[in-house]
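Written below as structure tokens is the structure these notes are about.
Heavy atoms only: backbone and side chains are in, while hydrogens, waters and symmetry mates are out. A, B, ... follow the sequence lines: proteins, then strands. Residue 1 opens every chain.
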Amino acid sequence: MLTINLIREKRDFISDRLKIKNFNSEEILDKILELDSRRREIQSRSDTMQAEMNRISKEIGSLMMQNRKTEAESAKENTYRLKEEIRELGEELGRLDSELREEIIRLPNLPHESVVRGSSSEDNVKVREGGEKPSVPADALPHWELIRKYDIIDFDLGNKLTGAGFPVYKGKGAKLERSLISFFLDEGVSAGYTEVIPPIVVNEDSGFGTGQLPDMEGQMYHMTLDNFYLIPTAEVPVTNIYRDVILNAEDLPVKNIAYTPCFRREAGSWGAHVRGLNRLHQFDKVEIVQIAHPDHSYKALDEMVNHVEGLVKKLGLPYRIMRLCGSDMSFTSALTYDFEVWSAAQERWLEVSSVSNFESFQANRLKCRFREKGGKQTRLAHTLNGSALALPRIVAAILENNQTPSGIRIPQALIPYTGFEMID
RNA sequence: GGAGAAAUGGCAGAGUGGUCGAAUGCGGCGGUCUUGAAAACCGUUUUCCGCCCGCCGGCGGAACGGGGGUUCGAAUCCCUCUUUCUCCGCCA
């Protein structure tokens, strides 16, 4: 959510920047400015009347104490009309507040100055590339056949228990999954992140705080009886730890890492290219989250990108880092780097991580603020997060890229975790 | 699930209708003293919105778990929701 101050002061700048995201904001901005000036006018009037009301009330109080009942009664006469007007202004103010909020919420975050406009994912900018594409035989199997061949992930069984997109990991498949989670967490902790295990069910306020609500309502599993949501990413509970929190500047950056299962309805996005592990309703992910000082948040973003790059390197996966163009970026992000790994049998790049700086966009919803040492004023912090990493496509790439006639080779870095070198 | 009690500032804890944004203590910050520190003493210390305002600041309004109500006036009375604690029941 953009701040009303920014909108007041830099209307045209905002309008220009949002064009990079192919978002036409003219009408919304005009409406916001109009609502805002009406709101302020009403508040001034209401404040003045309440001040008057408070004055009279105090007067009545002191008259009562002096036992001057008749004077007190006549003073009361003056309050009835005032009270009614205050009530009406209060209602008007409430209406304007919520209307204003509704409009502001419709505006996406401003893209960082390095973001190009673009019209699709084709226009994402390759930042760098690493690792070597493996040479696999022409008859290399895609992962959905490999998992059957070695009986390590079972979609049919998941279908029986729940439905499509809820696989069951078995034997070495389960161990591989658990090993990757531990590996990612350990790497994060070594890099200075504090591990947390948050709830995977959140309330409406949390969903709103990080921006999934109301925009992505249909993408989350909603437990209507309790009005809870299954989290689509650990970003939601972990970032919301800092909702309504005022941090000290010297405590920044705050760095958290969390493993959670993630749940996505993926309504409407099923189709080609989503076979096997490419798209699931439930999947595992390790997420890194930082709350940073606004002056250093892009340094934090670089650090996070380097961290994720280290992970894919250690796993020996060919990867590329893409800076998303405006039209491919999320509503809430100011700058996003996507990580893709090469999937040898599918011969495609698979997105395995998205690392973003949200600047103050989430923080404004969350009311996540900080105070400079010795300072009095609070400022909005910057929030960042990134997958480090999402498991299913990593598993798919490891299976496909490392297949050999004698089985699937486990990456060196994972062997201490799996305890075996081959899936065979 | 049943019965009872409670929710106040960073923390502890007073406050049962009027001058209470809130005593007091602790903690924090600034200062005096000291070579330095401690102790002592003095001062200061919630957040949001609006107006004036370059900044400092000033003025007004709101907020005592959330929401609603009674009243000229609510931390204080009423309703409701949530949470916590105690006892009972059940349970991984």
Point to revise | Side-chain donor-acceptor contact under 3.5 Å, A:D123 with A:S119 | key: yes

Revision key, fill the gap. Against the side chain of A:I246, the closest entry in B:G50, B:C72, B:U47 is B:U47

Exercise for review: Give a yes/no answer on whether the side chain of A:R40 brings an N or O atom under 4.0 Å of OP1 or OP2 in B:C49.
Suggested key: no

Check your understanding: When rounded to the nearest Å, what value does the distance between P atoms of B:U19 and B:A5 take?
Key -> 29 Å

Practice item. Check every strand shown and say whether A:Q43 touches a base, only sugar-phosphate, or nothing at a heavy-atom separation below 4.0 Å. Key: base

Exercise for review: Carefully, step by step, assess A:E102 and A:R106 under the rule salt bridge (Lys or Arg N to Asp or Glu O under 4.0 Å).
Suggested key: CA-CA 7 Å; A:E102 268 169 44; A:R106 291 170 62 197; over 6 Å; no

Check your understanding: Which comes earlier along RNA chain B counting from the 5' end, the contact point of A:T48 or that of A:K367, where each point is its nearest nucleotide?
Key -> A:K367

Practice item. Find the partner of B:A14: check Watson-Crick (N1-N3 plus N6-O4 or O6-N4) and G-U wobble (N1-O2, O6-N3) distances, both under 3.5 Å, and reply none if neither fits. Key: none

Practice item. Tell which nucleotide pairs with B:C51, taking only Watson-Crick or G-U wobble pairs whose two distances are both under 3.5 angstrom. Key: B:G58

Check your understanding: In the strands shown, is B:A22 matched to any nucleotide by a Watson-Crick or G-U wobble pair with both distances under 3.5 Å, and which?
Key -> none

Practice item. May I have the distance from A:D244 (atom CG) to B:A63 (atom P), rounded to whole angstrom? Key: 18 Å

Exercise for review: Verify whether one side chain among A:N256 and A:Y242 offers a donor that lies under 3.5 Å from an acceptor in the other.
Suggested key: yes

Practice item. For B:U32 and B:U84, measure between their P atoms and round to the nearest Å. Key: 48 Å

Check your understanding: Does the ring of A:F420 carry A:K172 above it, NZ/CZ under 6.0 angstrom from centre and within 45° of its axis?
Key -> yes

**Study point:** Value in whole Å for how far the C1' atom of B:U46 lies from CG of A:L247
**Key:** 16 Å

Exercise for review: Tell me whether the OP1 or OP2 atom of B:G61 has a side-chain N or O from A:N54 closer than 4.0 Å.
Suggested key: yes

Check your understanding: Given B:G60, is OP1 or OP2 found less than 4.0 Å from the side-chain N or O atoms of A:Q50?
Key -> no

Point to revise | Under-4.0 Å side-chain N/O to phosphate OP1/OP2 contact, A:R369 with B:C48 | key: yes

Practice item. Could you label the plane-to-plane angle of the A:F361 and A:F331 rings as parallel, tilted or perpendicular, counting under 30° as parallel and over 60° as perpendicular? Key: perpendicular

Revision key, fill the gap. Among B:G50, B:G61, B:C72, the one nearest any side-chain atom of A:S57 is B:C72

Review point. B:C72 and B:G13: how far apart are their C1' atoms, nearest whole angstrom?
Key: 32 Å

Review point. A:R45 has an atom CZ; how far is it from atom P of B:C49, in whole Å?
Key: 22 Å

Check your understanding: Taking a pair as Watson-Crick or G-U wobble with both distances under 3.5 Å, which nucleotide is matched to B:C33?
Key -> none

Check your understanding: Roughly how far apart, to the nearest Å, are B:U76 and B:G68 at atom P?
Key -> 14 Å

Exercise for review: Check whether any side-chain nitrogen or oxygen of A:K83 sits under 4.0 Å from OP1 or OP2 of B:G73, and answer yes or no.
Suggested key: yes

Practice item. Would you indicate what A:A51 reaches in the nucleic acid, counting non-hydrogen atoms under 4.0 angstrom: base, sugar-phosphate, or nothing? Key: sugar-phosphate

**Study point:** Whole-Å gap separating C1' (B:G61) and CZ (A:R55)
**Key:** 16 Å

Review point. Is there a Watson-Crick or G-U wobble partner for B:A38 with both distances under 3.5 Å, and which nucleotide is it?
Key: none

**Study point:** P spacing across the pair B:G65 / B:C87, given as an integer number of angstrom
**Key:** 26 Å

Study note, to complete from the structure: Under a 3.5 Å limit on both distances, the Watson-Crick or wobble mate of B:G4 is B:C85

Practice item. Report the base-pairing partner of B:A74 (Watson-Crick or G-U wobble, both distances below 3.5 angstrom), or none. Key: none

Exercise for review: Rounded to whole angstrom, note down the C1' distance from B:A63 over to B:A75.
Suggested key: 11 Å

Review point. Any side-chain N or O of A:T378 less than 4.0 Å from the OP1 or OP2 oxygen of B:C48?
Key: yes

Point to revise | Sugar-phosphate only, base, or nothing, as touched by A:I60 at under 4.0 Å among non-hydrogen atoms | key: base

**Study point:** Interatomic distance, A:L380 CG vs B:U47 P [rounded to whole Å]
**Key:** 14 Å

Check your understanding: Would you say B:G50 has OP1 or OP2 under 4.0 Å from some side-chain N or O of A:R8?
Key -> yes

Review point. Any chance the rings of A:H281 and A:F263 have centres within less than 6.0 Å?
Key: no

Review point. In whole Å, what separates the C1' atom of B:C52 from that of B:G66?
Key: 34 Å

Revision key, fill the gap. By the Watson-Crick or G-U definition, both distances under 3.5 Å, B:G27 is matched with B:U45

Check your understanding: Distance between the P atoms of B:C91 and B:U47, in whole angstroms?
Key -> 49 Å

**Study point:** Separation of B:G61 C1' from A:I42 CD1 (nearest whole Å)
**Key:** 15 Å

Study note, to complete from the structure: Assign each of A:K58 and A:M53 the nucleotide of RNA chain B bearing its closest heavy atom; nearer the 5' end lies the nucleotide of A:K58

Point to revise | Atom-to-atom span, OH of A:Y80 to P of B:G73 - whole angstrom | key: 9 Å

Exercise for review: Kindly confirm or rule out a cation-pi arrangement of A:R264 over A:F283, judged by NZ or CZ under 6.0 Å from the six-membered ring centre and within 45° of its axis?
Suggested key: no

Check your understanding: Going by distance alone, is a donor N or O of one side chain under 3.5 Å from an acceptor N or O of the other, for A:E204 and A:Y229?
Key -> no

Review point. For the side chain of A:D47 and the base of B:G60, is some donor closer than 3.5 Å to an acceptor across the two?
Key: yes

Check your understanding: Expressed in angstrom and rounded to an integer, what is the separation of A:D205 atom CG from B:U83 atom P?
Key -> 13 Å

